[in-house]
Number of protein chains: 2
Amino acid sequence: MRYFLEIAYDGTRFHGWQTQPNALSVQEVLEDCLSKVLRQPISTTGSGRTDTGVHASQQFAHFDVAQELNPEHMVYRFNRLLPDDIVAKNLYLVTDEAHARFDAFERTYHYHITLAKNPFTRYYATYLPRSVDVEQMNEAATVLLRYEDFTTFSKVKGDTKHYRCNIYEAVWRQQGDELVFTIRANRFLRGMVRLVVGTLLDVGRGKLTVTDFERIVAGQDRSKASGAAPSEGLYLAKVTYPEHIFKTSPKTNPL
Amino acid sequence: MRYFLEIAYDGTRFHGWQTQPNALSVQEVLEDCLSKVLRQPISTTGSGRTDTGVHASQQFAHFDVAQELNPEHMVYRFNRLLPDDIVAKNLYLVTDEAHARFDAFERTYHYHITLAKNPFTRYYATYLPRSVDVEQMNEAATVLLRYEDFTTFSKVKGDTKHYRCNIYEAVWRQQGDELVFTIRANRFLRGMVRLVVGTLLDVGRGKLTVTDFERIVAGQDRSKASGAAPSEGLYLAKVTYPEHIFKTSPKTNPL
């Protein structure tokens, strides 16, 4: 049987999603927990990697298990064993070929900024001591919707065949002292959102014009992007799958 | 010149507000910062103590300084030196006799509970794995408004002359998975809010009836209160002063 597990995590103390030697990852802690509760070695495949320190308010991973599971009971048992910073939210029975990474056709990231120093959000939002021009940042963000190649905002080469992404939404919304960037696309490149945010913030600070920003995107030259925005503000917020992969009733599906 | 400094802090890593030997307090870190920025030894008097791990979304402390200060500039400089978990919010010039503790005529505390395991609020709200009867908890909370002696909910003896408090408001409000208790009074006894919350939660769990709760309050016997609720959910949220102690314009006053 194949299952999709929906989780959320505070990325602060993890070296990202993916298991790696000599560093604690979300995937490793999760697989330890699932293997203990299910009394068999469980390996998971995530919808995608999140980098060191990056959070997820919604992430999915699939795994295979011999027996049928009671979702509600299992979520309860996973949460009892998981540490406080990883939460199991739901468990869905899916078709045998469903794949958490390849079937995800849309991902949404949020980037949280606080414009007032706030003792309660220091791990959950990036503090900007100076105000930025949100209107200019939004004008620059719309440029992203007109391009397909994002080589400019790709951190590493070699692990992807191409740099094309379809960006459906890229917008900054301000509410009081809180500024949130939402970016939605079919796929993202490594480090892409933090490089996009870092470069848009330079537009907001007046260091770059919207025209500069467009030239940087069009140039496909990584060295022209600004520095990456810090990880604590970034959240994987939503991963979307086609309905037909879920075997459970539509009411309990995450769509 | 006497000033009131308005601050907020994440209490997680502090042994409470008050300076003490061999343990890090908010007051100690704050006084270090003020003394450095103002280049003179500064000692502060807080509106009241908060216990180990308790947060403050609004706290006030007064201090005396030789010269007149530019509030906006000073707040900026304090924040540059203060750690991420203490924030200076405002600075107010007050009358020479104004006293952060004795002039405060009303304090409000909030207690935050989350009914769903949440990786992002583990230091900021107490997680209750089972639901509670909020209606019963609110009925019991109104009992508090009819009593004046709260010996039952006082953690220590000896440091107060009497156990009388006038409680003006005591109410639970639920919004989705978040449950917030607001309690407002002229004064609070040591550990009082956490003992009140712990005992009200036992009403919510059905371990105590509203009648039991009233008997416990009336009994003035500390051993009858339930265990204290954990510190991470508790916030000093508001401290109220009479308008006449502020020398700056009413517009900039915290009232």
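Numbered from 1 within each chain, the chains take letters A, B, ... in sequence-line order.
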Against chain B, work out which of A:Pro119, A:Ala88, A:Ala8, A:Pro83 has the most heavy-atom pairs shorter than 4.5 Å and name it.
A:Pro119

Answer with side chain, backbone, both or neither: which region of B:Ser57 has an atom nearer than 4.5 Å to a non-hydrogen atom of chain A?
both

Measure B:Tyr9 against the heavy atoms of chain A and call it side chain, backbone, both or neither at under 4.5 Å.
backbone

Does the side chain of [X] pick up a donor-acceptor pair with the side chain of [Y] at under 3.5 Å?
{"X": "B:Asp10", "Y": "B:Tyr124", "result": "yes"}
{"X": "B:Glu31", "Y": "B:Thr44", "result": "yes"}
{"X": "B:Gln27", "Y": "B:Thr19", "result": "yes"}
{"X": "A:Ser47", "Y": "A:Gln59", "result": "yes"}

Side chain, backbone, both or neither of [X] within contact of chain B (heavy atoms, under 4.5 Å):
{"X": "A:Tyr127", "value": "neither"}
{"X": "A:Ile7", "value": "neither"}
{"X": "A:Pro129", "value": "neither"}

Got a sec: does the CD of B:Gln175 have more than 12 other heavy atoms crowding it under 6.0 Å?
no

